[in-house]
Amino acid sequence: MIIGVPKEIKNNEYRAGLIPVGVQVLTRAGHKVYIERGAGAGSGISDQEYEISGAVILDSPAEIYSRSEMMVKIKEPQKEEYGYLRPGLIIFTFFHFAASRELTQEMLKRNVIAFAYETLQLENGELPCLTPMSEVAGRMSVPAGARCLEEPMKGRGILLGGVPGVAPAEVVIIGAGVVGSNACKMAAGLGAQVTVMDTNLSRLRFLDEIMPPNVHTLMSNAHTVREAVLKADLVISSVLIRGAKAPCVIDRKTVSQMKKGAVIIDVAIDQGGSIETSRPTTHENPTYVVDDIVHYCVTNMPGAVARTSTYALTNATLPYILLLANQGYVKAVREHHSLKRAVNMIKGELVIREVAETFGFSWQQI
């Protein structure tokens with residue numbers, strides 16, 4: 001198979017779809033890999049490193065898309081890339097379709113075969129391609145929140161861990177999954193008072209056993225979320241429903257009643273956001289203020305630490321890229337539960353229920 005890796009063009013997205021060892025593995029298996037010139041620069045990977053590993057460097061995205069059978073990306077195709085798409089082209093990337101009707105309709109219209117990292121799922125429920133980026137985003141959310149709490153960022157002027165004689169910040173983390181547990185670890189390590197919330201009592205018991213004494217667990221429901229959020233200096237929301245739009249856990253009225261200068265980090269923004277007042281932002285302009293509350297809603301947080309993120313992500317994606325290349329998408333989907341869960345659309349037909357239900361579209365069971 002011919003695999004193409006274009007340079008990412010989303011705002012401040014520096015990750016790359018493959019690392020040199022991935023190119024080596026694929027070429028040794030008999031496949032051909034095209035890399036767009038400069039695709040790895042943001043992750044500290046030179047064109048020469050790709051060439052030594054067996055890739056062919058091409059100068060333009062048009063060449064990459066026209067010559068490749070499968071595109072390996074990081075983020076969903078941008079509007080500038082739509083014209084390169086053709087029927088039957090396999091695209092393996094983060095799509096987050098439920099967050100965008102426009103993207104979903106456009107990809108259906110282009111008749112591509114869309115495999116989404118975020119819905120690839122093992123039989124035990126694990127999301128192996130989403131997990132590494134959730135780890136990165138969870139760990140990034142706390143220092144991002146700490147910066148936003150500073151007065152120049154319109155925050156409350158609070159040091160997250162406090163100092164002797166002055167109380168630390170109150171941090172509330174909604175969702176105790178991969179993002180939430182990593183955020184919890186970081187916030188606790190900085191000395192904040194942390195409350196982590198979830199609807200899964202077993203998960204809360206686990207965190208209660210492994211986290212330090214400044215971490216408290218709380219069962220999540222409409223009443224406890226509101227009560228905790230109104231006391232918080234920093235709220236990190238990380239709720240997730242695989243493939244579907246994130247549920248709204250904090251409404252506008254609650255936001256308006258929070259402490260002036262409090263901060264919201266909505267890590268679920270790439271799935272549509274979990275706060276009523278959330279809207280997507282970029283690393284270039286990461287924050288905005290609503291009702292005196294600072295919102296940080298960057299849709300590609302891990303893109304800012306591109307080298308770490310690229311290596312972490314490709315560690316997870318490479319085995320599946322190799323399966324698709326070796327077997328073709330039809331056989332791979334038939335034989336591997338994980339890739340059957342990853343495919344979201346096939347040549348103009350949605351094959352994932354959660355996205356279809358989000359927009360009221362028809363869908364077809366594989």
Side-chain angles (χ1 to χ4, degrees), residues 1-8 13 15-36 39-40 43 45 49-58 61 64-65 67-77 81 84-86 88-96 107 112-122 126-134 136 302-303 306-346 351-352 366:
M1 185 178 283
I2 303 171
I3 297 111
V5 180
K7 185 176 182 179
E8 297 294 325
E13 181 54 73
R15 289 172 288 180
L18 271 181
I19 57 177
V21 70
V23 172
Q24 188 176 72
V25 167
L26 289 164
T27 54
R28 284 183 176 176
H31 307 292
K32 193 162 193 174
V33 181
Y34 291 127
I35 306 281
E36 185 179 349
S43 298
I45 305 169
E49 288 177 86
Y50 281 127
E51 285 182 305
I52 290 170
S53 298
V56 175
I57 305 298
L58 298 180
I64 294 281
Y65 279 92
R67 297 191 190 187
S68 301
E69 298 169 273
M70 175 167 66
M71 301 302 296
V72 175
K73 289 176 54 35
I74 295 294
K75 296 304 291 181
E76 71 281 358
E81 297 172 298
Y84 302 135
L85 306 181
R86 66 179 191 277
L89 179 66
I90 300 169
I91 307 175
F92 198 16
T93 189
F94 282 115
F95 276 107
H96 299 292
M107 294 302 104
V112 298
I113 300 158
F115 284 84
Y117 293 153
E118 71 274 8
T119 64
L120 190 149
Q121 189 174 35
L122 304 183
E126 183 185 346
L127 302 167
C129 295
L130 185 63
T131 295
M133 295 302 91
S134 295
V136 172
R307 188 170 178 88
T308 295
S309 297
T310 291
Y311 279 83
L313 180 59
T314 53
N315 285 342
T317 59
L318 181 58
Y320 301 103
I321 295 167
L322 189 61
L323 278 175
L324 285 168
N326 285 345
Q327 298 184 352
Y329 84 89
V330 174
K331 186 177 180 182
V333 166
R334 281 178 180 164
E335 296 187 0
H336 302 280
H337 176 274
S338 53
L339 286 171
K340 183 178 179 180
R341 297 288 278 170
V343 65
N344 282 207
M345 59 179 67
I346 299 175
V351 292
I352 179 169
I366 296 179

Visitor: Is any side-chain heavy atom of Phe115 closer than 4.5 Å to one of Tyr320?
Guide: no
Visitor: Less than 4.5 Å apart, any side-chain heavy atom of Pro61 and any of Lys7?
Guide: no
Visitor: Looking at Leu120 and Cys129, what are the two nearest heavy atoms and their distance?
Guide: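 Looking at all heavy atoms of both residues, the closest pair is CD1-SG, 4.1 Å.
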Visitor: Is there a side-chain contact between Arg307 and Ile45, using heavy atoms and a 4.5 Å cut-off?
Guide: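 Yes; the side chains approach each other to less than 4.5 Å.
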Visitor: Would you say the side chain of Met70 lies within less than 4.5 Å of the side chain of Ile3, judging by non-hydrogen atoms?
Guide: yes
Visitor: Is a donor on one side and an acceptor on the other found under 3.5 Å between the side chain of Tyr50 and the backbone of Leu18?
Guide: yes
Visitor: Could you pull out the closest heavy-atom pair between Ser309 and Pro302, with the gap in Å?
Guide: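 Taking Ser309 first and Pro302 second, the nearest heavy atoms are OG-O, 2.8 Å.
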Visitor: Let me confirm one number: the CD1-OG1 distance from Ile74 to Thr93, rounded to the nearest 0.5 Å.
Guide: 6.5 Å
Visitor: Measuring from atom CG of Leu26 to atom CD1 of Ile2, what distance do you get when rounded to the nearest 0.5 angstrom?
Guide: 13.0 Å
Visitor: Using 0.5 Å steps for rounding, measure from the CE atom of Met1 to the CD1 atom of Ile90.
Guide: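 So the CE of Met1 and the CD1 of Ile90 are separated by 4.0 Å.
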Visitor: Please name the pair of heavy atoms, one in Leu313 and one in Pro132, separated by the smallest distance, quoted to 0.1 Å.
Guide: CA-CG, 4.2 Å
Visitor: Quick check for you: to the nearest 0.5 Å, what is the distance between Gln24 atom CD and Glu49 atom CD?
Guide: 12.0 Å
Visitor: Does any N or O in the side chain of Asn326 come within less than 3.5 Å of the main-chain N or O of Leu324, such that one atom is a donor and the other an acceptor?
Guide: no
Visitor: Indicate yes or no for a side-chain donor-acceptor contact from Ser338 to the backbone of Gln121 under 3.5 Å, with no hydrogens or angles considered.
Guide: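 Absent.
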Visitor: In the structure I gave you, are the side-chain heavy atoms of Val5 and Val23 within less than 4.5 Å of one another anywhere?
Guide: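 No, their side chains stay 4.5 Å or more apart.
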Visitor: For Met71 and Leu89, which heavy atoms make the closest approach, and how far apart are they?
Guide: CG-CD2, 3.8 Å
Visitor: Let me see the working for Thr317 and Val72 under side chain to side chain contact (heavy atoms under 4.5 Å, CB included), right down to the final yes or no.
Guide: CA-CA 10 Å; Thr317 59; Val72 175; 5.8 Å; no
Visitor: Are the side chain of Glu13 and the backbone of Lys75 linked by a donor-acceptor contact shorter than 3.5 Å?
Guide: no
Visitor: Roughly how far apart are Glu81 CD and Glu76 CD, rounded to 0.5 Å?
Guide: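 These two atoms lie 9.0 Å from each other.
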Visitor: Under a 3.5 Å distance rule, please check whether Glu118 uses its side chain to pair with a backbone N or O of Phe95 as donor and acceptor.
Guide: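 Flag set: sc Glu118 to bb Phe95 pair under 3.5 Å.
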Visitor: Heavy-atom distance under 4.5 Å between the side chains of Ile52 and Pro20, does that happen here?
Guide: no
Visitor: Would you indicate whether the side-chain heavy atoms of His336 and Gln327 approach each other to under 4.5 Å?
Guide: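 They are in contact (side-chain heavy atoms under 4.5 Å apart), so the answer is yes.
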Visitor: Please report the shortest heavy-atom distance between Val333 and Leu339, naming the atom on each side.
Guide: CG2-O, 4.1 Å
Visitor: Is there side-chain contact between Leu323 and Glu335, with heavy atoms separated by less than 4.5 Å?
Guide: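 In short, these two side chains do not touch, never coming nearer than 4.5 Å.
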Visitor: Check this for me: Arg86, atom CZ, are more than 12 non-hydrogen atoms of other residues, nucleotides or ligands nearer than 6.0 Å?
Guide: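 Enclosed.
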Visitor: Which value, rounded to the nearest 0.5 Å, describes the distance between Thr119 atom OG1 and His96 atom NE2?
Guide: 10.0 Å
Visitor: Minimum heavy-atom separation for Ala312 and Met133, please, with both atom names.
Guide: CB-CE, 4.0 Å
Visitor: Using only atom types and a distance under 3.5 Å, with no angle test, would you say the side chain of Ser68 pairs donor to acceptor with the backbone of Tyr65?
Guide: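 Judged by distance alone, no pair lies under 3.5 Å.
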